[in-house]
Amino acid sequence: MPTNIVFSDLALELRDKAKEIAEKYVRPQAVKYDKAQEYNWDAARAVAEAGLFKTFVPKEYGGHGAGVLALALVTEELARADSGFGVAFAVNALGSFPIILGGTEEQKKEWLPKIAAGEKFVAFCLSEKFAGSDASGLSVTAELDGDEYVICGEKKWTTNGGVADYYSVFCVTDPTSKSRRISAILVEKGTPGFEVKKVEDKMGIRCVPVVETHFDHVRVPRTNLIGGREGLGFKHAMMTLDYARPGVAAQAMGAAQGSLDLALVYANRRKQFGAPISSFQMVQKMLADMAMKTEASRWLVYSCAAAVDNGELPISKRAAMAKCFATDTAMEVATEAVQIFGGYGFMEDYPIAKNFRDAKILQIYEGTNQVQRMVIARNLIKEVESLRHLDQYIPFEEQATYRDEEVTAR
Ligand code: CAA
């Protein structure tokens, strides 16, 4: 069913603020922070002052409650100027969703207003050295000792690590259970035993830190167990990813638009054979394909985000489709943009090389695009019941039965 996509006045206002910040604080500094691998605090402060962290926080807890569609619009604008800063912003929503979706009332009242105000930044600690796509195969443990959890182990690929004040950490609380092994616990920066040990040297999105977080008998109050009950962690992680994937898809779509913008400007100015290269049909085909795919991503992202806001459950398949399509598009558009820039595109003096480097991670994080395709296919197969009326038009049932018997007989 098509989703009713409504852009509220508030969402458009937040988007406009994001666009302003993107052009004032993000784009002009993008190369500098990429080269230095430093966080763009000026832009982050501007985002906080403009109230953009309020976008994804419900109204009852100090936010705007503007929803996932507004989050997508804001992320798109920031990522259009710098994909790295897009994720530096959106990862706060990823880290907050476990609290928003699964936290107790007390936890929401305690943590969310500070996140909304931009006083506390957030990170999401799920992945580990040996648990990436297999997100339930975690080894970081949290054992209850009196009124405290004691957390031990290491997390990998924590985006925003070091910058963030709050960390939603997914830990094994019941190693004997299959379906309720994992719980999410909030750990605050500065808690003894909690350390950022390795800041990764990355190919792209270099303005946002991705780190290893180490937990050496880190003690946190029992009240930091998100949701107040053990065993909810895996479900919370999956629900969080369903809500956050439209955001990473928006980052990708904004990044694709950013690459297209640069390629267009270049193609219009660059002259060969006495004419702008934008007048050549082969370049025009590339530009047209880039624009079509970016626009297709845009509406897939908006409709998925609006579906989340409209409460159209389940959302997993649509979130996976938006994430997968938009991020594959971002990579493809960045690749084509480099091609249009020709030799200059390969040089770091020109901005498009950075877009190319930034695009790759989009196909990997928040679930590889192989995982997204698996989620899409699993959901499609579940939906096949609704197509039973088509069985009569596909006359191979007898043959399938015969084959099954033959295999059994061997
Ligand atoms: N919502 C709610 N519950 C869900 C769910 C969803 N979307 N998906 C699965 N579940 C539930 C299932 O119902 C099932 O529950 P029961 O045990 O009660 O039946 C349970 O979770 C296990 O489900 P599966 O058997 O489907 O789980 P699986 O082990 O086969 O894994 C997976 C499924 C899709 C591969 C999942 O592990 C996954 O998404 N992996 C990718 C992880 C990922 O995205 N990591 C990214 C880390 S974050 C990051 O990269 C961010 C960053 O740095 C910026």
Any salt bridge linking K293 with D328? Criterion: basic side-chain nitrogen under 4.0 Å from a carboxylate oxygen. no
Minimum-distance pair of heavy atoms, taken over all atoms of I21 and A43: CG2-O, 4.3 Å
Is any side-chain N of the basic residue among R378 and E383 closer than 4.0 Å to the acidic one's carboxylate O? no
SB check R80 D261 (cutoff 4.0 Å): yes
Charged N-O contact under 4.0 Å between E154 and K129: yes
What about the rings of F124 and F170, do their centers lie closer together than 6.0 Å? yes
Ion pair check, E106 and K108, cut-off under 4.0 Å: no
Tell me whether Q37 contacts the main-chain N or O of P209 through its side chain, where contact means a donor paired with an acceptor under 3.5 Å. no
Closest approach of G86 to L78 (non-hydrogen atoms, all atoms of both residues): CA-CB, 4.2 Å
Contacts satisfying ring pair (Phe, Tyr, Trp, His ring centres under 6.0 Å) that involve residues 140-161 (not counting sequence neighbours) are none
Using a strict cut-off of less than 4.0 Å between a Lys/Arg side-chain nitrogen and an Asp/Glu carboxylate oxygen, indicate whether K114 and D165 qualify as a salt bridge. no
Counting only heavy atoms not in M203 (residues, nucleotides, ligands), do more than 12 fall under 6.0 Å from its CE? no
Output every pair passing side chain to side chain donor-acceptor pair (under 3.5 Å) with a member in residues 64-76, not counting sequence neighbours, ordered by first then second residue. E76-R298, E76-Y302
Show me the pairs that pass ring pair (Phe, Tyr, Trp, His ring centres under 6.0 Å) and involve residues 241-278, at least two apart or across chains. F97-Y243, Y266-F341
D358/R206 ion pair, N-O < 4.0 Å: no
So, F121 versus W41, ring centres under 6.0 angstrom or not? yes
Just by distance, no angles: are the side chains of Q284 and S278 close enough, under 3.5 Å, to form a donor-acceptor pair? no
Ignoring hydrogens and angles, tell me if any N or O in the side chain of T158 forms a donor-acceptor pair with the backbone of G161 under 3.5 Å. no
Looking only at side-chain N and O atoms, does R318 offer a donor or acceptor that is under 3.5 Å from a partner on T3? yes
Quick check against the 3.5 Å criterion: does D34 have a side-chain atom that pairs as donor or acceptor with the backbone of I205? no
Under 4.0 Å between a Lys/Arg side-chain N and an Asp/Glu carboxylate O for R219 and E148? yes
Tell me, which pairs form a side chain to side chain donor-acceptor pair (under 3.5 Å) where one or both residues lie in residues 12-22, sequence neighbours left out? none
Y350: which residues meet the ring pair (Phe, Tyr, Trp, His ring centres under 6.0 Å) condition with it, sequence neighbours left out? Y344
Under the criterion salt bridge (charged side-chain N to carboxylate O under 4.0 Å, His left out), I'd like the reasoning laid out for D216 against K197: C-alpha separation, chi angles, the key distance, then a yes or no. CA-CA 11 Å; D216 181 7; K197 276 274 171 74; over 6 Å; no
Would E385 and R388 pass as an ion pair if we require N to O under 4.0 Å? yes
Can you name the residues that form a ring pair (Phe, Tyr, Trp, His ring centres under 6.0 Å) with Y25, not counting sequence neighbours? none
Check the side chains of N369 and T327 for a donor-acceptor pair under 3.5 angstrom, ignoring hydrogens and angles. yes
Quick one: does any side-chain atom of Q372 pair with a main-chain N or O of G367 as donor and acceptor, under 3.5 Å? yes
